[in-house]
Amino acid sequence: MQVELTQTPLAEIDADLHVLPRTDAEAAVPKEFAQVPGADDAKTSFKAVTLLRPESDGGPERLAIVGLGDLEGLDGERLRVAAALAAREAKRWKCSTIAWRLPVKGSDEGSRLAVADIIAGTILADYRFDRYKSASDENSDESKGIERLVISVGGEVDDAMRTEAETARVSALAANQARELQQLPSNVVTPSYLAERAQELARLHPSLSCDVLDRDDMERLGMGGLVAVSSGSAEEPKLIVLRHTGSGETLGIVGKGVTFDSGGISIKPSRGMEEMKMDMSGASAALEATGAIAELGLPISVLCVIPSTENMPSGTAVKPGDIITQLNGKTVEVNNTDAEGRLILADALAYSVEQGADRIVDLATLTGAVLVALGSTYAALISNDDTLAAEVETAGRRTGEIAWRLPLHPEFKELTKGKEADLTNASSKGKAGTIYAAEFLEEFVGDTPWVHLDIAGTAWDVGRDYVGSGPTGYGVRLLVDLARDLASKQG
Ligand code: BES
Ligand code: ZN
Ligand code: ZN
């Protein structure tokens, strides 16, 4: 999607659909729209959409008046939702160009953020997955969707605003790429497919380089977690390493890349198991965010590490009670083969520390327990470092990919101690499942500042208007925002 910022008033922009956002605070519609029949009656409450057909010659074919509600409560989330509702109208009427009028005036931070939110909401809402639908199917749609978004900013367009817009555009398109990886079935998105995507990103962006380790490399290096989890699968596991060479410190990004989680020998119930193709949502967010950071040329170095495998039952699979040795030498009793994510992340975290990451953020669809605690609204954030935790929380608030911090505590750590080995991957007590997993992961980061995001609840089926009921790409926009923030602090 092409994005354009302009000083031209909305009424003069050539587009299939004009979008006029309105808050309760405005007494009347702007005079250039006062002649449109029905414009004055349009509701301004949040989420109210009134679609009108102006009759004037040369005007747009359609005008959508989108309610934003009260001015005091207007935030980024409301703008993303409003943008999604307008994009839905554009799709319904097959409009390829959509023009917005910015609801806030001036070239200050507020209007820059509003530009970013409208772009994000529009691009995210424009995503659809219909590549397997035959053209004759009623759900297939031949149109190309929204090709051009123009925003009338009501003032001068400066460089800061252009940068904000480009960041939002690249991040949202990257989130849609991540959603595509999430949505594709596990017979397509295998560990090798993810590795190819990483290599493709490296070909596209000169600052990126990619290394892919296979099963032999993992065995040689001592990545006992990845070796054990992948041992039941016919698919070759991959440890994908994608580096962005910027400047200054290195941000480590680790994403869980289980391309199908059957549970292994501790097999999951069959009902709903098809959802487990999305157990690589952390990996897709990490990869596409790294691609976006490279595309934007952010002045920070990134080390993105993806442990990727299937988790399958078979005669060669890891069994409950097996003891393995992870990359950092710690031993683990595998008491539940369905708690596989922590085993592969353990190796990836230790590897990232070894490779020189100064801080690490990991993203993983790690526990069902996080859905009980925080639903699909917040990811769980667990950290050994208050500064990094606050930075990630802030990036979450700015992008709407929000996270809520849960505590670490020695009493939880106690639960992770093994009977015969250093650690056990699942406790029979089943207490504090999300924190338990984080306590386990903490054993592999040493003193490196680290944030763990459990995205099992936020990666799909969130139901927000701009991401709907499928995959969300959670984490891509948060990570790009975080990288930008960290880069700006490096000076
Ligand atoms: N991939 C699952 C977690 C998950 C559950 C993601 C629901 C998305 C939706 C993970 O590997 C898993 O199976 N975790 C177990 C851990 C337990 C065995 C300690 C869980 O949460 O039940
Ligand atoms: Zn599992
Ligand atoms: Zn899993």
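When reading the values below, keep in mind they use all heavy atoms of this one structure, side chains included, and skip hydrogens, waters and symmetry mates. In listed order, ligands and their atoms are each counted from 1.
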Is any side-chain heavy atom of T259 closer than 4.5 Å to a side-chain heavy atom of S308?
-> yes
Between D216 and E219, is any pair of side-chain heavy atoms under 4.5 Å apart?
-> yes
Other residues, nucleotides, ligands: >12 heavy atoms within 6.0 Å of R220 CZ = yes
Taking atom NZ of K431 as the centre, report whether more than 12 heavy atoms of other residues, nucleotides or ligands fall under 6.0 Å from it.
-> no
[X] with [Y]: basic N within carboxylate O range, under 4.0 Å:
| X | Y | result |
| --- | --- | --- |
| D386 | R405 | yes |
| E164 | R484 | yes |
| E274 | K277 | no |
| E340 | K256 | yes |

Check each heavy atom of K256 against ligand 1 and say whether those closer than 4.0 Å belong to the side chain, the backbone, both or neither.
-> side chain
Could you tell me the residue and atom name of the protein heavy atom closest to [atom], and the distance to it rounded to 0.1 Å?
| atom | value |
| --- | --- |
| atom 14 (N) of ligand 1 | L366 O, 3.3 Å |
| atom 6 (C) of ligand 1 | A456 CB, 3.7 Å |
| atom 12 (C) of ligand 1 | D338 O, 3.2 Å |
| atom 22 (O) of ligand 1 | G368 N, 4.5 Å |
| atom 17 (C) of ligand 1 | A339 CB, 4.3 Å |
| atom 2 (C) of ligand 1 | D261 OD2, 3.5 Å |
| atom 18 (C) of ligand 1 | N336 ND2, 3.3 Å |

Among the N/O/S atoms of D279, the Zn ion (ligand 3) lies closest to OD2
Has the side chain of D481 got a donor or acceptor atom that lies under 3.5 Å from a matching backbone atom of V476?
-> no
Run the numbers for me: atoms of ligand 1, each under 4.0 Å from some heavy atom of [X], listed by number.
| X | value |
| --- | --- |
| E340 | 11 (O) |
| T365 | 1 (N), 2 (C), 3 (C), 6 (C) |
| D279 | 1 (N) |
| K268 | 2 (C), 12 (C), 13 (O) |

N384 vs V445, side-chain contact (heavy atoms from CB on, under 4.5 Å): CA-CA, chis, key distance, verdict | CA-CA 9 Å; N384 62 358; V445 296; 3.9 Å; yes
Does at least one non-hydrogen atom of [X] fall below 4.0 angstrom from an atom of ligand 1?
| X | result |
| --- | --- |
| R342 | yes |
| E275 | no |
| M276 | yes |

Of all the N, O or S atoms in E340, the one nearest to the Zn ion (ligand 2) is OE1
The Zn ion (ligand 2) has as its nearest N, O or S atom from D261 the atom OD2
The Zn ion (ligand 3) to K256: any N/O/S contact under 2.8 Å?
-> yes
Does an N or O from W460, backbone or side chain, lie closer than 3.5 Å to an N or O of ligand 1?
-> no
So W450 and H452, would you call those rings parallel, tilted or perpendicular, with 30° and 60° as cut-offs?
-> parallel
F129 six-ring face occupied by R179 cation (under 6.0 Å, within 45°) | no
